[in-house]
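Order of the sequence lines fixes the chain letters, A, B, ..., with proteins taken first and strands second; residue numbering starts at 1 for each chain.
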Amino acid sequence: MTVRKVRTRFAPSPTGYLHIGGVRTALFSWLYARHTGGDFILRVEDTDAQRSTEESTRQILDAMLWLGLDWDEGPFYQSKRLDLYREYIHKLVDQGKAYWCECSPEALEAMRSQALEKGDKPRYNRTCRHKGLGPGPGRVIRFATPGNGATSFDDQIKGRVTVSNEELDDFILLRSDDMPTYNVSVVIDDALMEMTHVIRGDDHVMNTPKQIQLYKALGSPLPVFGHVPMVLGKDRTRLSKRHGATSVTAYKDMGFLPEAVVNYLVRLSWSHGDQEIFSREELIEFFDIGDVGKSAAVFNPEKLLWLNHHYIKTGDTARLAALVPEFLELKGYPVPDREYLQKVVTDVRERTKTLEEIVDFGDFYFTEKEPPAELRRDFFKPDLALAFGTLVEKLRTVDPWEHAGLEEAVRGVLEETGLKFKILAQPMRVALTGKTVSPGIFEIMATLGRDRVLDRLSRAHACMRGS
RNA sequence: GGUCCCAUCGUCUAGUGGCCUAGGACACUGGCCUCUCACGCCGGAGACAGGGGUUCGACUCCCCUUGGGACUACCA
């Protein structure tokens with residue numbers, strides 16, 4: 001017996017950037033395909049000509065690639081397949097499974113509000129169903145939804161879902177502007193593209209019975225459905241801009257690493273025992289759509305930050321260093337060579353959670369600036385002048401300019417002056433970095449290099465002597 | 001309103017009838033380490049929404065209540 005190769009897809013509509021919740025669904029779909037050795041197809045649902053833009057499409061594809069969610073086929077564009085949908089829709093009309101309707105939007109609105117007032121369901125009353133109308137201006141084609149019985153399906157995540165056909169409307173297949181609607185184009189495409197598993201957001205559950213009826217009318221085999229729970233904001237409503245950044249691109253721009261975003265998102269409604277950190281390979285090995293939980297998850301930016309910090313702490317420094325220049329340029333700092341950058345990353349990574357923070361926290365590695373007056377006053381005391389003077393002198397001869405030699409030089413100063421390192425350290429830190437919080441003194445000095453260190457220390461020394 | 005879905009610490013979750021005086025992670029917090037801050041390590045506080053059943057035994061199964069969410073377009 002041959003098992004059909006799994007085929008899943010992601011079908012975004014390019015009406016905006018790639019949403020963090022939407023991409024979680026894409027991730028699940030992608031993982032399921034990869035896990036089963038199947039194919040992942042990308043399809044752009046741009047049948048809404050008013051709201052779709054090429055810019056959005058480009059951004060979405062970029063974001064997918066950035067996260068490493070590659071596709072085996074596509075991207076297919078629904079806007080290029082319009083005639084195909086129309087063909088199938090008209091065939092449905094010919095078979096009596098769909099019909100022309102002349103009800104105006106106003107009439108429908110009136111119908112709806114009336115029904116609502118009476119406490120009925122706001123549905124189309126099927127007035128045109130048996131009129132035997134043909135095409136005409138302002139007319140639409142509606143699906144003749146079977147009126148009795150119930151439609152149910154076994155969702156891979158939610159289990160069996162049943163909806164009475166009474167609830168299904170005679171929904172529109174072809175709009176009066178000759179454009180097919182979402183419900184038809186997805187079904188036709190999913191059928192034609194031979195999707196075996198339709199993995200999508202929870203918000204589509206109620207569309208599924210309608211679509212199943214369409215599959216039946218079209219005579220196409222049904223795919224398996226899997227509706228993944230929503231990602232919610234802190235107030236437990238659907239995640240939106242109100243809750244902060246929601247676009248994948250925004251996280252990239254804030255200095256998040258793609259593996260952190262992926263690792264964070266995959267743990268929303270899915271888990272593998274107590275494991276928190278997953279490599280891409282582990283994800284592909286462990287992920288199964290059937291293990292996805294049923295309940296919605298709240299997006300927690302702090303945990304994302306923790307994961308990002310984890311990957312910054314443990315990532316390859318050369319790669320990290322290569323990602324920093326983009327952020328340096330943004331802040332207007334000159335871009336030093338790779339080797340220097342790599343040392344900076346090594347120095348700061350324990351204390352910076354994002355690429356952006358590497359640049360902010362490590363600003364003193366990239367630019368010269370005087371410590372704030374307040375810090376000069378507090379730390380550059382006259383009684384330290386002697387120590388700083390000898391320190392500068394000793395540092396002139398340190399060779400090689402490395403941690404061990406630097407520490408030795410400082411220790412020499414301590415012995416000569418009888419000072420505790422604790423007393424010397426903060427003033428040194430302020431002199432070298434302009435702040436009271438930084439990486440270790442010796443790491444900083446080693447990375448900064450003799451010239452910069454001598455220069456900054458000398459200035460502090462001069463300040464102590466009151467000149 | 002109707003239909004559908006969901007319900008373990010603040011948050012993400014483990015748990016598939018006895019292993020649970022409920023485990024892990026983020027966040028919070030006490031301590032250790034220490035040149036600052038981090039990192040790391042050790043410790044703490046913190047949850048099975050409520051009520052009925054089923055069962056020798058329920059976080060786990062069933063029902064109700066409550067609470068939350070989704071959908072209810074000539075958007076996708």
Side-chain N or O of A:Ser438 closer than 4.0 Å to phosphate OP1/OP2 of B:C37: no
Under 3.5 Å on both distances, the Watson-Crick or G-U partner of B:C48: none
A:Tyr124 six-ring centre to A:Arg142 NZ/CZ under 6.0 Å and within 45° of normal: yes
Ion pair A:Glu276/A:Arg267, N-O distance below 4.0 Å: yes
B:C26 and B:C63, which share atom name C1', separated by this distance in whole Å: 36 Å
Contact state string [nucleotides 71-76 of chain B, B base, S sugar-phosphate only, - no protein heavy atom under 4.0 Å]: SSSBBB
Donor-acceptor pair under 3.5 Å, A:Arg351 side chain vs B:C39 base: no
Side chains of A:Thr151 and A:Asn165, donor plus acceptor under 3.5 Å: yes
Side chain to side chain donor-acceptor pair (under 3.5 Å) partners of residues 428-438 of chain A, not counting sequence neighbours, each pair once: A:Asp363-A:Lys435, A:Gln426-A:Arg429, A:Arg429-A:Ser438
Sugar-phosphate, base or nothing in reach of A:Ser52, heavy atoms under 4.0 Å: nothing
Contact list (N/O, under 3.5 angstrom) for nucleotides 24-27 of chain B vs protein:
| residue | atom | partner | partner atom | Å |
| --- | --- | --- | --- | --- |
| B:G24 | N2 | A:Glu276 | OE2 | 2.9 |
| B:A25 | O4' | A:Glu276 | OE2 | 3.3 |
| B:C26 | OP1 | A:Trp306 | NE1 | 3.4 |
| B:C26 | O2' | A:Lys303 | N | 3.4 |

Nucleotide forming a Watson-Crick or wobble pair with B:U36, both distances under 3.5 Å: none
Phosphate contact (B:C5 OP1 or OP2) by A:Lys294 side-chain N/O below 4.0 Å: no
Identity of whatever pairs with B:A70 - Watson-Crick or G-U, under 3.5 angstrom: B:U3
Distance test, side-chain N/O of A:Lys422 to OP1/OP2 of B:U36, below 4.0 Å: yes
Sugar-phosphate, base or nothing in reach of A:Lys313, heavy atoms under 4.0 Å: sugar-phosphate
B:U11 pairs with, by Watson-Crick or G-U criteria that keep both distances under 3.5 Å: B:A25
Sugar-phosphate, base or nothing in reach of A:Ser295, heavy atoms under 4.0 Å: sugar-phosphate
Side-chain donor-acceptor pair present, A:Asn183, A:Gln211, cut-off under 3.5 Å: yes
Along RNA chain B (nearest heavy atom to each residue), the more 5'-positioned of A:Phe361 and A:Glu167: A:Glu167
Show the atom names and distances, to 0.1 Å, of all donor-acceptor pairs under 3.5 Å that link a side chain in residues 403-410 of chain A to residues at least two apart or in another chain.
| residue | atom | partner | partner atom | Å |
| --- | --- | --- | --- | --- |
| A:His403 | NE2 | A:Glu407 | OE1 | 3.2 |

Touch class at under 4.0 angstrom, heavy-atom based, for A:Ile441 against every strand present: base
Please tabulate, for the side chains in residues 241-248 of chain A, all donor-acceptor contacts under 3.5 angstrom to protein atoms that are two or more places apart in sequence or on a different chain.
| residue | atom | partner | partner atom | Å |
| --- | --- | --- | --- | --- |
| A:Arg242 | NH1 | A:Asp235 | OD2 | 3.4 |
| A:Arg242 | NH2 | A:Thr237 | OG1 | 3.1 |
| A:His243 | ND1 | A:Ser240 | N | 2.9 |
| A:His243 | ND1 | A:Ser240 | O | 3.3 |
| A:His243 | NE2 | A:Asp235 | OD1 | 2.7 |
| A:Ser247 | OG | A:Ala250 | N | 3.0 |

Taking every non-hydrogen atom, the tightest pair across A:Ile60 and A:Ser13: CD1-O, 4.2 Å
Watson-Crick or G-U wobble partner of B:C41, both distances under 3.5 Å: B:G31
Any residue of residues 18-31 of chain A with a heavy atom less than 4.0 Å from an atom of RNA chain B: none
Touch class at under 4.0 angstrom, heavy-atom based, for A:Arg236 against every strand present: sugar-phosphate
Aromatic ring pairing A:Trp306/A:His310, orientation class (parallel under 30°, perpendicular over 60°, tilted between): tilted
No-hydrogen, no-angle side-chain donor-acceptor test under 3.5 Å, A:His197 and A:Ser29: no
Nearest-angstrom distance from the residue atom NE2 of A:His309 to P of B:C39: 6 Å
Sugar-phosphate only, base, or nothing, as touched by A:Pro439 at under 4.0 Å among non-hydrogen atoms: base
Side-chain donor or acceptor of A:Thr354 paired with backbone N/O of A:Gly255 under 3.5 Å: no
Short side-chain to backbone donor-acceptor contact, A:Arg238 and A:Val231, under 3.5 Å: no
Euclidean distance for C1', B:A25 against B:C9 (whole angstrom): 12 Å
